[in-house]
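This is a predicted model, so every value here is computed, not measured. Below, chains carry the letters A, B, ... as their sequence lines are ordered, and counting in each starts from 1.
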Protein chains: 2
Amino acid sequence: MQKINAQKKAPLSRIQEKNRSLILKAGLEVFSKYGFRGSTVDQLANAAGMSKPNLLYYFPSKEAVHVALLEELLENWLEPLIELGPSTNPIDEILVYVKKKLAMSRAYPLESRLYANEILQGAPNFSDAIKGPLKELVDEKAALIQGWSDEGKIAVINPYHLIFSIWSTTQHYADFDVQIGGILSSDKQEITKDAETYLEHLFRSTLTPKP
Amino acid sequence: MQKINAQKKAPLSRIQEKNRSLILKAGLEVFSKYGFRGSTVDQLANAAGMSKPNLLYYFPSKEAVHVALLEELLENWLEPLIELGPSTNPIDEILVYVKKKLAMSRAYPLESRLYANEILQGAPNFSDAIKGPLKELVDEKAALIQGWSDEGKIAVINPYHLIFSIWSTTQHYADFDVQIGGILSSDKQEITKDAETYLEHLFRSTLTPKP
DNA sequence: TGAATTTTTGAGCAATTGCTTTGTTTTTCA
DNA sequence: TGAAAAACAAAGCAATTGCTCAAAAATTCA
């Protein structure tokens with residue numbers, strides 16, 4: 001258990017780069033589908049196209065792969081909300097955020113499901129991130145939105161629950177993809193278009209102040 | 001593989017009744033947290049307070065417990081939507097549905113998570129239900145809502161995506177419970193109250209036709 | 001009561017789990 | 001080129017998996 005120099009950042013050879021990314025890609029596929037406990041190292045190794053011991057040569061354990069994925073995920077997850085900022089037109093500013101989140105659900109459905117799986121299982125590897133950086137960011141943006149509300153630029157709404165509803169409606173298109181595909185017969189592109197139209201109407205109506 | 005009399009409905013003794021329900025309760029707790037693949041028969045038996053072979057005396061396999069739970073779930077899941085029907089006040093009719101769904105998320109969070117887990121994993125035991133009864137019901141109610149929209153009684157919206165947004169926003173309070181609890185400091189009762197106020201505003205604004 | 005039936009479980013099975021050992025192959029670079 | 005280092009994998013480890021067996025304990029009911 002020696003770990004004097006916590007980071008001995010040997011700059012990663014080309015092979016290391018490639019294999020670590022193969023493993024992370026495989027981990028994303030497998031963990032997002034079966035959750036941490038439902039996934040096996042064999043599945044990971046197969047999906048990554050390498051032997052089990054070789055996978056464990058790059059990551060010390062199954063959990064290490066999972067943690068690495070979650071850390072990477074957090075950044076991308078927070079990014080669109082970070083970009084939400086002061087604006088002369090708060091409604092459009094919020095709608096841009098909605099559209100970015102919807103686009104992310106479409107572009108990165110596996111990431112969305114990985115996240116959903118982790119939360120569903122009680123966030124055993126993520127509760128620090130939730131109570132720390134995520135909460136701070138949400139508090140900050142909720143205050144911003146509350147300000148708009150106080151100024152009468154948007155309707156009077158609870159900013160936290162607004163954010164929750166943006167998350168839930170947009171991520172739904174990734175997480176419940178199978179359900180939506182079973183109910184709607186249109187192709188994905190059309191579903192996405194309809195979703196965007198609907199969500200634009202949904203949040204614009206909600207945010208527009210009443211006279 | 002004989003199965004001449006498919007149903008030999010011996011009417012279940014008191015012991016059978018009790019133990020089957022103990023097992024289903026245990027299955028709900030375990031499967032809703034870890035998904036099917038992430039749950040073990042040992043966990044089920046422990047949660048049910050009985051030995052492993054005894055559990056398997058009542059259900060032939062781990063999968064049988066899971067399937068039984070999903071079948072039970074489907075009915076309860078569809079019920080509130082079934083009740084959505086013709087009304088002279090469509091907006092309130094839909095808002096009643098929203099409130100019922102939110103109440104269900106609060107009363108039966110484990111059921112919600114069981115469902116979410118199954119969908120996330122690709123609905124291996126549920127895709128028939130989705131493409132069959134669920135789709136039919138949603139088609140029917142979407143037509144009803146479309147009618148209201150055509151008559152100008154509610155705003156012009158895509159009824160399918162309206163339903164998806166009701167599902168996602170309400171179920172979010174069960175499925176992402178851990179995340180919400182990490183962000184909000186208020187107690188559950190207050191969160192539920194705020195959620196209800198917010199969702200009422202959200203869907204009323206959306207559904208109210210523009211002049 | 002007591003014989004038949006139902007319920008329960010300790011022990012155990014083959015297969016799978018996460019991970020290690022041990023050694024071979026490939027790559028690097030002096 | 002060749003020796004050191006890095007990359008790889010066959011075999012195997014103890015523990016856990018889903019499930020079975022055989023027999024004991026509890027219950028039912030004539």
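Regarding contacts with the backbone of dA6(D), every side-chain N or O of Q16(A) stays at 4.0 angstrom or more from both OP1 and OP2. Phosphate contact (OP1/OP2 of dT7(C), side-chain N/O of S13(B), threshold under 4.0 Å): present. Between N54(A) and dA7(D), a side-chain N or O to OP1/OP2 separation shorter than 4.0 Å is absent.
The separation between L56(B) atom CG and dA22(D) atom C1' is 16 Å, rounded to whole Å. For L55(A) and dA10(D), the CG to P distance is 15 Å, given to the nearest whole Å. In this structure, E17(B) atom CD and dT6(C) atom C1' are separated by 16 Å, rounded to whole Å. Between the NZ atom of K18(A) and the P atom of dA6(D) there is a distance of 17 Å, given to the nearest Å. In this structure, the CD atom of E63(B) is 8 Å from the P atom of dC19(D), given to the nearest Å. Between the CZ atom of F36(B) and the C1' atom of dG18(D) there is a distance of 10 Å, given to the nearest Å. When the P atom of dT28(D) is taken as reference, atom CZ of R14(B) falls 7 Å away, rounded to whole Å. In this structure, R20(B) atom CZ and dT8(C) atom P are separated by 14 Å, rounded to whole Å.
Counting only heavy atoms from C-beta on, T40(A) has its side chain closest to dG18(C) among dT8(C), dC8(D), dG18(C). Which of dT17(C), dG12(C), dG18(C) sits closest to the side chain of K62(A) comes down to dG18(C).
For the pair R20(A) and Y58(A), the cation-pi criterion (under 6.0 Å, within 45° of the ring axis) is not fulfilled.
The shortest heavy-atom contact between K141(B) and L81(B) is CE-O, 3.1 Å.
Across all strands, Y58(B) comes closer than 4.0 Å only to sugar-phosphate atoms, never to a base (heavy-atom distances).
For F164(A) and Y198(B), the ring centers are positioned 6.0 Å apart or more.
The aromatic rings of H66(A) and F36(A) sit tilted, their planes meeting at an angle between 30° and 60°.
Residue pairs meeting the salt bridge (charged side-chain N to carboxylate O under 4.0 Å, His left out) criterion with at least one member in residues 52-63 of chain B, sequence neighbours excluded, are D42(B)-K52(B).
Nearer the 5' end of DNA chain D, as judged by each residue's closest nucleotide, is the contact made by Y57(A), out of Y57(A) and P53(A). Of the residues near DNA chain D, N19(A) and P60(B), the one whose nearest nucleotide (by heavy atom distance) lies more toward the 5' end is N19(A).
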